[in-house]
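One structure below.
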Amino acid sequence: MILKFPPALRIEWSDLTGVPVVAIASLVVTGLVLSVRPMRGLQSLELVAFDRMVQLRPQATPDHRFLVVAITETDLKKQQRWPISDQVLAQALANLQKAKPRVIGLDLYRNFPQEPGWKLLTQQFKAPNLIAITNIGDTESGGTPPPMVVPSDRVGFNDVVTDADGVIRRNFMFGNTETTELYSFSLRVAQHYLASQKQWPQAGWKDYGEVRWGQAIFTPLQTNAGGYQNVDADAYQILLNYRAARDVSPQVTLTQILDQQVDPALIKDKIVLIGTTAPSLKDEFFTPYSSAAWVNNPNMPGVLIHAQMVSQILDAVSGDRPLFWFWPEWAEILWIASWSVIGGAVAWIMRQPFTLALSGILLLGVLAGSTFGIFLHQGWVPVMTPAIAAVMTVGLVVSYRAQQAQRQQKTVMTLLGQNTSPEIAAALWSSRDRLLKSGKLPGQRLTATVLFTDIKDFSTVSEQMSPEALLNWLNEYLSVMTQEVQTHHGIINKFTGDGLMAVFGVPVPRTSAVEIAEDAKQAVACALAFGDRLRELNPGWQARGLPVVQMRAGIFTGPVVVGSLGGKNRLEYGVIGDSVNIASRLESCEKDRHVDFCRVLIAQETLEHLNQQFAVEAWGPLALKGKQQMVDVYRVIGWQTPDAEAIAPALNSPTLATIEMPQEPFVAKVDIETKTVDSH
């Protein structure tokens, strides 16, 4: 059998080793992922992962620098109106001011009077510690203006920025136009609170640059920060670092303030935020906690979100909770590419499906754990993007290995001429890593049984037939013999014109005497089957005017060396060694002593492995052509049995023969006509 391999200068995908395969696969996958990333194809997954990490991390304790005055459904029922009157609101502010809060943030619109009580309310608006709200709105609406009596330095917008999924993850802190500076409600509250501690932010808001404030350096969010891709990061935004899912700070109701049922210690020197929490007023938003199963109400009132924002600013300035930080774009690309390479390496090293699956799960677990550990230190780095890159690289490398395995299987089967039994093919393929080396089967020493066959007087037969008829007849004959070799778990190594060379025990080495004995048994059984098939074929050939023939078989068991023979462009699976020569000489030995359709000769080395399963006739030590030492030769008569009907067909005339049986030798005189046996 001949193999043609590509020229040495031609590089095939399947010729690559692990390192370039992993490198190429990682490069392709990383390029693909990075090309999809700017189109926000993976941003939604990153935001889901961000929310999950927010939910999993430990929640901070309530911020006792705050007090939230909530207008609840119960308060609305008691007041029996919305908006509440200016008189009620003024009374609530007056009661709060008695306890001397440091800052009061009013998260309620008061752009026009809600009589009665407007004059009383305007007096409260003049307090230097009160922060009112406005709403920027869109261009068409023009927003909601603040109370006219409140100066601009005590007014902040309460607009919030939501992501595409409606979740608030960013703190919109500052914006400006050509004529106006716009401070957020949370930023104004934080500035007035920290001003009493003589902590003022340095310049930088207007230029959207770094702003140093206490122990914090505020940096505006970039369009590609963390898991964001091409996000609208106009004006001055930071990533909102939520304090808790619900208990941001101590909370009381409007009625409790009006009835003066609140301990003044909860108010003195604190930040008091007044806003609505009643669901009917629909001032609620989705947060990263909204998707958590353990959260009863997925929506968070706006006043609590502003409390989260103010708390984040205060913690950052004091150094208690740092602001979120992000890697530059080049570092994120390196991060993604690294996990892609790791995924490819795991796929290349782990060959077993279960091990690969387990390693893949462990790999994703390490990635998730690493990013969560970074998140606990206020860093947000991509997690889903590198996970997808790693999985895709695993899939690409596994696909390559599958393609490589298919090509290797084709190579192996071609090397063996596709003449193996299914059992041999399966055993060979399971051992492919050991057998294949650069497209070749490396030389290997093992013990095998070699079988040679030849047709008796083939030269005379061939002279009587045309070449075309001879070829067709030979193909019919060899096809039948090949089938028997496969049935008996051997391989056809080569065809020798009118004969063949079959080997039993290759290419997978036999490691035990039992296995070697089984190969010898199968070889002898195969040769006997040749004779049976000839008995079936000859009558048909005779009827068609084709030759009626006999054949010879030589079998020897011994050491051989197997492997690929030839050059890079032409290879043959070779079986070499003295055992091959002896088997060939046994086939041609004593050609005239032919008494059956298939004469089968074996040597002592094969007989020792047969465990007396076959009846044999000893021919004694014979000198084989090209051999200096004598070889003990035996003719195989058939399967071991004392039954005359089994023995008689092995002889075509009455004769005396010493036949080795399981218990002890005996001499049998066989009468072919009467089919009787006289033994002693």
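Along the sequence shown, the residues carry numbers beginning at 1.
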Expected list for residues 265-278: side-chain donor-acceptor pairs under 3.5 angstrom, two or more places apart:
{"unit_1": "K270", "atom_1": "NZ", "unit_2": "H64", "atom_2": "O", "d": "3.2"}
{"unit_1": "K270", "atom_1": "NZ", "unit_2": "A265", "atom_2": "O", "d": "3.4"}

Give a yes or no on whether [X] atom [atom1] has more than 12 heavy-atom contacts from other residues, nucleotides or ligands under 6.0 Å away.
| X | atom1 | result |
| --- | --- | --- |
| Q352 | CD | no |
| D165 | CG | yes |
| W330 | CH2 | no |

Can you check whether [X] reaches [Y] side chain to side chain, under 4.5 Å on heavy atoms?
| X | Y | answer |
| --- | --- | --- |
| I388 | L45 | yes |
| K77 | T74 | no |
| I84 | Q114 | no |
| F174 | K206 | yes |
| R102 | Q197 | yes |
| T162 | F286 | no |
| W348 | T393 | no |
| L93 | L130 | yes |

Approximate separation, where rounding is to 0.5 Å, of [X] [atom1] and [Y] [atom2]:
| X | Y | atom1 | atom2 | result |
| --- | --- | --- | --- | --- |
| L323 | L221 | CG | CG | 11.5 Å |
| S249 | L304 | OG | CG | 7.0 Å |
| F218 | N171 | CZ | CG | 9.0 Å |
| T223 | D234 | OG1 | CG | 10.0 Å |
| R154 | L106 | CZ | CG | 11.5 Å |
| L182 | T134 | CG | OG1 | 8.5 Å |

Any sub-3.5 Å donor-acceptor pair from [X]'s side-chain atoms to [Y]'s backbone N or O?
| X | Y | answer |
| --- | --- | --- |
| D86 | L121 | no |
| T122 | K119 | yes |
| S340 | I336 | no |
| E46 | M384 | yes |
| S311 | A307 | no |
| Q59 | T61 | no |
| Q229 | L42 | no |
| W339 | A389 | no |
| N230 | P38 | yes |
| T371 | A368 | yes |

Verdict with supporting geometry, V262 and V69, side-chain contact (heavy atoms from CB on, under 4.5 Å): CA-CA 10 Å; V262 179; V69 178; over 6 Å; no
salt_bridge([X], [Y]) N-O dist < 4.0 Å:
| X | Y | result |
| --- | --- | --- |
| E329 | R37 | yes |
| D163 | R40 | no |
| D63 | R321 | no |

Give me the ring orientation class for [X] and [Y]: parallel if the planes are under 30° apart, tilted from 30 to 60°, perpendicular past 60°.
| X | Y | result |
| --- | --- | --- |
| Y289 | Y242 | perpendicular |
| F375 | F372 | parallel |
| W380 | F50 | tilted |

Please assess R65 against Y193 for the test side-chain contact (heavy atoms from CB on, under 4.5 Å), listing each intermediate value before the final yes or no. CA-CA 10 Å; R65 294 168 296 190; Y193 180 83; 3.7 Å; yes
Please table the atom pairs, donor to acceptor, closer than 3.5 Å between any side-chain atom in residues 207-215 and protein atoms at least two apart or in another chain.
{"unit_1": "Y208", "atom_1": "OH", "unit_2": "N176", "atom_2": "N", "d": "3.3"}
{"unit_1": "Y208", "atom_1": "OH", "unit_2": "N176", "atom_2": "OD1", "d": "2.9"}
{"unit_1": "W213", "atom_1": "NE1", "unit_2": "Q199", "atom_2": "O", "d": "3.3"}
{"unit_1": "Q215", "atom_1": "NE2", "unit_2": "S318", "atom_2": "O", "d": "3.3"}

Taking every non-hydrogen atom, the tightest pair across [X] and [Y]:
| X | Y | value |
| --- | --- | --- |
| P83 | R110 | CB-NH1, 3.9 Å |
| R243 | P62 | NE-C, 3.9 Å |
| P116 | R81 | CD-NH1, 4.1 Å |
| A216 | A316 | CB-O, 3.2 Å |
| V346 | S359 | CG1-CB, 3.6 Å |
| S152 | R188 | O-NH2, 3.2 Å |

Audit row: D51, Q55, side-chain hydrogen bond (donor to acceptor under 3.5 Å, both in side chains) steps and yes/no: CA-CA 6 Å; D51 293 349; Q55 298 164 15; 5.6 Å; no
Go through the steps for S186 and S184 under the test side-chain hydrogen bond (donor to acceptor under 3.5 Å, both in side chains), then give the verdict. CA-CA 5 Å; S186 59; S184 72; 3.2 Å; yes
Take Q404 and R401 through the test side-chain hydrogen bond (donor to acceptor under 3.5 Å, both in side chains) and record every step on the way to the result. CA-CA 5 Å; Q404 184 190 46; R401 280 174 41 199; over 6 Å; no
Does the side-chain contact (heavy atoms from CB on, under 4.5 Å) test come out yes or no for I168 and Q308, once each step is laid out? CA-CA 11 Å; I168 297 177; Q308 303 269 15; over 6 Å; no
Could you check I374 against W327 for side-chain contact (heavy atoms from CB on, under 4.5 Å), going step by step and ending with a plain yes or no? CA-CA 11 Å; I374 295 174; W327 280 340; 4.2 Å; yes
For the residue pair R169 and Y228, would you count it as a cation-pi contact if the rule is NZ or CZ under 6.0 angstrom from the ring centre and within 45 degrees of the ring axis? no
Going by side chain to side chain donor-acceptor pair (under 3.5 Å), name the residues that satisfy it together with N129, two or more places apart in sequence or in a different chain. Q97
